[in-house]
J.: 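Okay, handing you the structure first.
Computed over heavy atoms, backbone and side chain alike; hydrogens, waters and symmetry mates excluded.
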Amino acid sequence: MTNKEPGIINCDLPATVVIAEIQSDIEEIAENSLLYEERNFDKRMEAIDFIGFHVIDQIEALLQTTLQQNELLLLKHRAEKVKAGLEEIDTNLFQGLQEKIRKARYTGKEFKNLVKEYIDFNLASNEYQDEPGYDNLDIFINSLFSFHAMPEQTKDLEPEMVFYQKTPARIVFELVEKANLTKEDIFFDLGSGLGQAAVLVNLLTGVTAKGVEFEPSFCDYARACAAELNLPNVTFINVDARKADYSEGTIFFMYTPFKGEMLQEVLAALRNESLLRKIKIITYGPCTSEVALQSWLDFAPLDNKVYKLCVFSSF
């Protein structure tokens with residue numbers, strides 16, 4: 001199954017041979033009992049992707065070029081049925097996990113261990129330091145936090161605001177490892193979008209987490225997610241980051257939500273907070289180089305990797 005390039009048809013083979021190979025691929029997946037065990041999420045995702053992007057795509061391409069329509073349509077129906085069966089396992093899996101989160105059965109180390117039961121991930125990997133990069137950990141977290149359809153943006157961004165992009169889940173796990181959060185900390189995500197980073201930080205550490213988000217529909221979505229998971233210590237504030245109240249915050253995260261003068265205004269506000277207490281600013285993406293120019297922040301020497309998490313501490 002996995003030795004072929006997804007979506008590639010060997011045009012040198014007769015259609016009957018290709019159809020036989022597709023049928024063999026479908027049955028290999030259908031008969032693999034490991035894929036039907038909830039804990040094998042990684043393998044199941046690979047199989048679902050293979051069916052969707054290799055098997056079904058091949059069938060649809062063949063439908064345009066061969067006369068064996070009935071046989072191909074039956075194969076397509078079979079592939080879709082196998083794929084739907086695997087997806088149903090994941091639906092039931094996440095519904096069960098969400099219910100356990102609501103009942104506060106997974107917090108801190110328990111939540112991290114839960115994720116590791118289903119996903120094999122390595123925070124030390126250098127695979128995605130030239131671009132954000134997403135993987136099966138993101139698919140798992142997205143599914144765990146998904147209750148409603150993706151909202152439409154309702155407000156135009158100002159020129160120095162950056163289009164929303166989710167923080168890769170592994171970066172949030174890395175943030176928790178590097179930030180050394182305590183129960184007294186209050187975490188702020190500036191440009192929190194759909195709320196994933198704030199929710200994850202709360203589940204991984206138990207600390208109070210707040211998101212600051214300009215787009216009302218994103219903020220509403222994030223609030224609904226926190227409510228669905230029964231996380232009262234996760235809140236979202238629909239406000240321009242330049243006007244937000246940061247008086248409670250000790251840890252501030254930015255995945256480059258804005259740039260230019262707007263970034264400088266927000267950094268000035270955070271500097272004022274640093275005069276009252278020690279704070280940390282954690283960055284990811286292009287904003288890191290600008291934050292590194294702040295004379296009131298201490299940090300480890302930077303390398304030339306844009307997409308690397310950096311922790312800054314006030315003096």
J.: If you apply the rule side chain to side chain contact (heavy atoms under 4.5 Å, CB included), what do you find for Val55 with Gln58, and how did you get there?
T.: CA-CA 5 Å; Val55 172; Gln58 277 200 351; 6.0 Å; no

J.: Just by modelled atom types, is the Leu137 backbone N or O under 3.5 Å from a matching donor or acceptor in the Tyr118 side chain?
T.: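 The answer is no, because no donor-acceptor pair under 3.5 Å joins these two groups.
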
J.: Taking everything shown except Lys155 itself, do over 12 heavy atoms lie less than 6.0 Å from its NZ?
T.: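 Counting other residues, nucleotides and ligands, NZ of Lys155 exceeds 12 neighbours.
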
J.: How many angstroms lie between CE in Met161 and CG in Asp156, if you round to the nearest 0.5 Å?
T.: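 Rounded to the nearest 0.5 Å, the CE-CG separation comes out at 10.5 Å.
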
J.: Please assess Ile22 against Val18 for the test side chain to side chain contact (heavy atoms under 4.5 Å, CB included), listing each intermediate value before the final yes or no.
T.: CA-CA 6 Å; Ile22 292 172; Val18 177; 4.1 Å; yes

J.: If you round to the nearest 0.5 Å, how far is OH of Tyr134 from CD1 of Ile171?
T.: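 If we round to the nearest 0.5 Å, Ile171:CD1 and Tyr134:OH are 9.5 Å apart.
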
J.: Under 3.5 Å, side chain of Thr283 to main-chain N/O of Thr256, donor-acceptor pair present?
T.: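 Side chain of Thr283 to backbone of Thr256, a donor-acceptor pair under 3.5 Å: no, none is there.
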
J.: Ignoring hydrogens and angles, tell me if any N or O in the side chain of Ser143 forms a donor-acceptor pair with the backbone of Ile139 under 3.5 Å.
T.: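 Indeed, once roles are kept as given, a pair shorter than 3.5 Å links the two residues.
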
J.: Specify the closest pair of heavy atoms between Pro151 and Tyr221, including all atoms of both residues, with the distance to one decimal.
T.: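 Looks like CD-CD1, 3.6 Å.
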
J.: Mind telling me whether Tyr307 and Tyr255 have parallel, tilted or perpendicular rings, with 30° and 60° as the class edges?
T.: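 If you compare the ring of Tyr255 with that of Tyr307, the planes turn out perpendicular.
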
J.: Should Leu293 and Glu290 count as side-chain neighbours, where that means a heavy-atom distance under 4.5 Å?
T.: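 Heavy-atom side-chain distance check passes, below 4.5 Å.
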
J.: Can you tell me how far apart CG (Leu267) and CE (Met262) are? Round to the nearest 0.5 Å.
T.: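 Output value for this atom pair is 11.0 Å.
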
J.: Check whether any side-chain N or O of Glu160 sits under 3.5 Å from a backbone N or O of Gly260 as a donor-acceptor pair, and report yes or no.
T.: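 No.
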
J.: For the residue pair Phe94 and Phe140, is the inter-centroid distance of their aromatic rings smaller than 6.0 Å?
T.: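 Yes: the rings meet the under 6.0 Å criterion.
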
J.: Flag the pair Leu204 / Val201 as yes when at least one side-chain heavy-atom distance between them is below 4.5 Å, and no otherwise.
T.: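 The answer is no; the side chains never approach within 4.5 Å.
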
J.: Please check this pair: side chain of Asn202 against backbone of Ala209, looking for a donor-acceptor N/O pair closer than 3.5 Å.
T.: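 No, because the side chain of Asn202 does not come within donor-acceptor range (under 3.5 Å) of the backbone of Ala209.
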
J.: When you measure from the side chain of Gln98 to the backbone of Leu144, do you find a donor-acceptor pair of N or O atoms at a distance under 3.5 Å?
T.: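 Flag set: sc Gln98 to bb Leu144 pair under 3.5 Å.
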
J.: Considering residues, nucleotides and ligands other than Leu34, do more than 12 of their heavy atoms fall under 6.0 Å from its CG?
T.: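 Yes, because the 6.0 Å sphere around CG of Leu34 holds more than 12 heavy atoms from other groups.
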
J.: How far apart are the closest heavy atoms of Val82 and Ala30, and which atoms are they?
T.: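 Shortest heavy-atom separation between Val82 and Ala30 comes out as CG2-CB, 3.9 Å.
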
J.: Show your working on side chain to side chain contact (heavy atoms under 4.5 Å, CB included) between Ile51 and Glu87 and close with a plain yes or no.
T.: CA-CA 12 Å; Ile51 293 173; Glu87 290 171 337; over 6 Å; no

J.: Pairs of donor and acceptor atoms involving the side chains of residues 188-196, under 3.5 Å and at least two apart or interchain, shall be tabulated with distances.
T.:
| from | atom 1 | to | atom 2 | distance (Å) |
| --- | --- | --- | --- | --- |
| Ser192 | OG | Val212 | N | 3.4 |
| Gln196 | NE2 | Thr167 | O | 3.4 |

J.: Which pairs would a plain distance check flag for residues 172-179, meaning a side-chain donor or acceptor within less than 3.5 Å of a matching protein atom at least two apart in sequence or in another chain?
T.:
| from | atom 1 | to | atom 2 | distance (Å) |
| --- | --- | --- | --- | --- |
| Glu174 | OE2 | Lys178 | NZ | 2.8 |
| Glu177 | OE2 | Lys112 | NZ | 2.3 |

J.: Between the main-chain N or O of Leu63 and the side-chain N or O of Thr66, is there a donor-acceptor pair closer than 3.5 Å?
T.: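 No, because the side chain of Thr66 does not come within donor-acceptor range (under 3.5 Å) of the backbone of Leu63.
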
J.: Just checking Asn113: does its CG atom have more than 12 heavy atoms from other residues, nucleotides or ligands closer to it than 6.0 angstrom?
T.: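 Buried by this count: over 12 neighbours within 6.0 Å.
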
J.: For atom NZ of Lys109, decide whether the heavy atoms of other residues, nucleotides or ligands shown that lie under 6.0 angstrom number more than 12.
T.: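 Incorrect, the count does not exceed 12.
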
J.: Less than 4.5 Å apart, any side-chain heavy atom of Tyr36 and any of Leu86?
T.: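 Yes, side chains in contact.
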
J.: Evaluate the side-chain proximity of Phe111 to Leu200: yes if any heavy-atom separation is below 4.5 Å, no if none is.
T.: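 Side-chain contact under 4.5 Å: yes.
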
J.: Is the closest side-chain heavy-atom distance between Trp296 and Leu270 below 4.5 Å?
T.: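 Heavy-atom side-chain distance check passes, below 4.5 Å.
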
J.: Donor-acceptor check, side chain of Arg78 to backbone of Gln23, threshold 3.5 angstrom: yes or no?
T.: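 Checking the backbone N and O of Gln23 against the side chain of Arg78, no donor-acceptor pair under 3.5 Å is found.
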
J.: Measure across Gln68 and Ala15 and return the closest heavy-atom pair with its distance rounded to 0.1 Å.
T.: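 Closest approach of Gln68 to Ala15: OE1-CB, 3.6 Å.
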
J.: Go through the steps for Lys76 and Glu60 under the test side chain to side chain contact (heavy atoms under 4.5 Å, CB included), then give the verdict.
T.: CA-CA 8 Å; Lys76 183 179 179 182; Glu60 289 177 346; 3.2 Å; yes

J.: Between the main-chain N or O of Ile279 and the side-chain N or O of Ser274, is there a donor-acceptor pair closer than 3.5 Å?
T.: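 Between the backbone of Ile279 and the side chain of Ser274 there is no qualifying donor-acceptor contact (under 3.5 Å).
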
J.: Identify each donor-acceptor pair in which a side-chain atom of residues 236-251 lies under 3.5 Å from a protein atom, sequence neighbours left out, and give them as a table.
T.:
| from | atom 1 | to | atom 2 | distance (Å) |
| --- | --- | --- | --- | --- |
| Asn238 | ND2 | Glu213 | O | 2.9 |
| Asn238 | ND2 | Phe214 | O | 3.1 |
| Asp240 | OD1 | Arg242 | N | 2.8 |
| Asp240 | OD1 | Arg242 | NE | 3.1 |
| Asp240 | OD2 | Arg242 | NE | 3.4 |
| Asp240 | OD2 | Arg242 | NH2 | 2.7 |
| Arg242 | NH2 | Glu158 | OE1 | 2.7 |
| Arg242 | NH2 | Glu158 | OE2 | 3.4 |
| Asp245 | OD1 | Ser247 | N | 2.9 |
| Asp245 | OD1 | Ser247 | OG | 2.8 |
| Asp245 | OD2 | Ser247 | OG | 3.4 |
| Tyr246 | OH | Ala241 | O | 2.6 |
| Thr250 | OG1 | Asp185 | OD1 | 2.7 |
| Thr250 | OG1 | Ile186 | N | 3.0 |
| Thr250 | OG1 | Ile186 | O | 3.4 |

J.: Within a 6.0 Å radius of atom CD on Glu261, are there more than 12 heavy atoms belonging to other residues, nucleotides or ligands?
T.: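 Open.
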
J.: Rounded to the nearest 0.5 Å, what separation is found between the CE atom of Met45 and the CG atom of Asp42?
T.: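 Result: 9.0 Å between the selected atoms.
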
J.: Are there more than 12 heavy atoms of other residues, nucleotides or ligands under 6.0 Å from atom CD of Glu152?
T.: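 Incorrect, the count does not exceed 12.
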
J.: How about His148: does its NE2 atom have over 12 heavy atoms from other parts shown lying under 6.0 Å from it?
T.: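 More than 12 within 6.0 Å, yes.
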
J.: Under a single-linkage definition using a 4.5 Å side-chain heavy-atom cutoff for Ile, Leu, Val, Met, Phe, Trp and Tyr, are Ile59 and Leu73 assigned to the same hydrophobic cluster?
T.: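 The answer is yes; both residues are in one hydrophobic cluster.
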
J.: Are Glu110 and Arg105 close enough for a salt bridge, meaning some N to O gap below 4.0 Å?
T.: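 Here Glu110 does not pair with Arg105 in a salt bridge, since their nearest N and O are not under 4.0 Å apart.
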
J.: Give a yes or no on whether Lys259 atom NZ has more than 12 heavy-atom contacts from other residues, nucleotides or ligands under 6.0 Å away.
T.: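 At most 12 heavy atoms, drawn from other residues, nucleotides or ligands, come within 6.0 Å of this atom.
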
J.: Decide yes or no for Glu228 and Phe145: does some side-chain heavy atom of the first lie under 4.5 Å from some side-chain heavy atom of the second?
T.: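 They are not in side-chain contact.
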
J.: I need the Asn180 CG to Thr205 OG1 distance, nearest 0.5 Å.
T.: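 Taking CG in Asn180 and OG1 in Thr205, the distance rounds to 11.5 Å.
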
J.: If the threshold is 4.0 Å, N to carboxylate O, is there a salt bridge linking Arg102 and Glu99?
T.: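 The answer is yes: the pair qualifies as a salt bridge.
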
J.: Would Asp138 and Lys166 satisfy salt bridge (Lys or Arg N to Asp or Glu O under 4.0 Å), going step by step from the backbone distance to the final call?
T.: CA-CA 9 Å; Asp138 293 282; Lys166 277 189 178 182; over 6 Å; no

J.: Just checking, any donor-acceptor pair under 3.5 angstrom between side chains of Thr154 and Glu215?
T.: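 The criterion, which ignores hydrogens and geometry beyond distance, is satisfied for Glu215 and Thr154.
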
J.: In this structure, which one of Val291, Ile282, Thr288 forms a side-chain contact (heavy atoms from CB on, under 4.5 Å) with Met254?
T.: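 Only one option passes, and that is Val291.
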
J.: When you measure from the side chain of Arg44 to the backbone of Glu38, do you find a donor-acceptor pair of N or O atoms at a distance under 3.5 Å?
T.: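 Side chain of Arg44 to backbone of Glu38, a donor-acceptor pair under 3.5 Å: yes, one is there.
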
J.: Kindly indicate whether the side chain of Phe41, heavy atoms from C-beta on, has any atom under 4.5 Å from the side chain of Asp90.
T.: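 Side chain of Phe41 against side chain of Asp90, heavy atoms only: contact under 4.5 Å found.
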
J.: To the closest 0.5 Å, what do you measure between CD (Glu71) and CG (Leu62)?
T.: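 Between Glu71 CD and Leu62 CG, I get 10.5 Å after rounding to 0.5 Å.
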
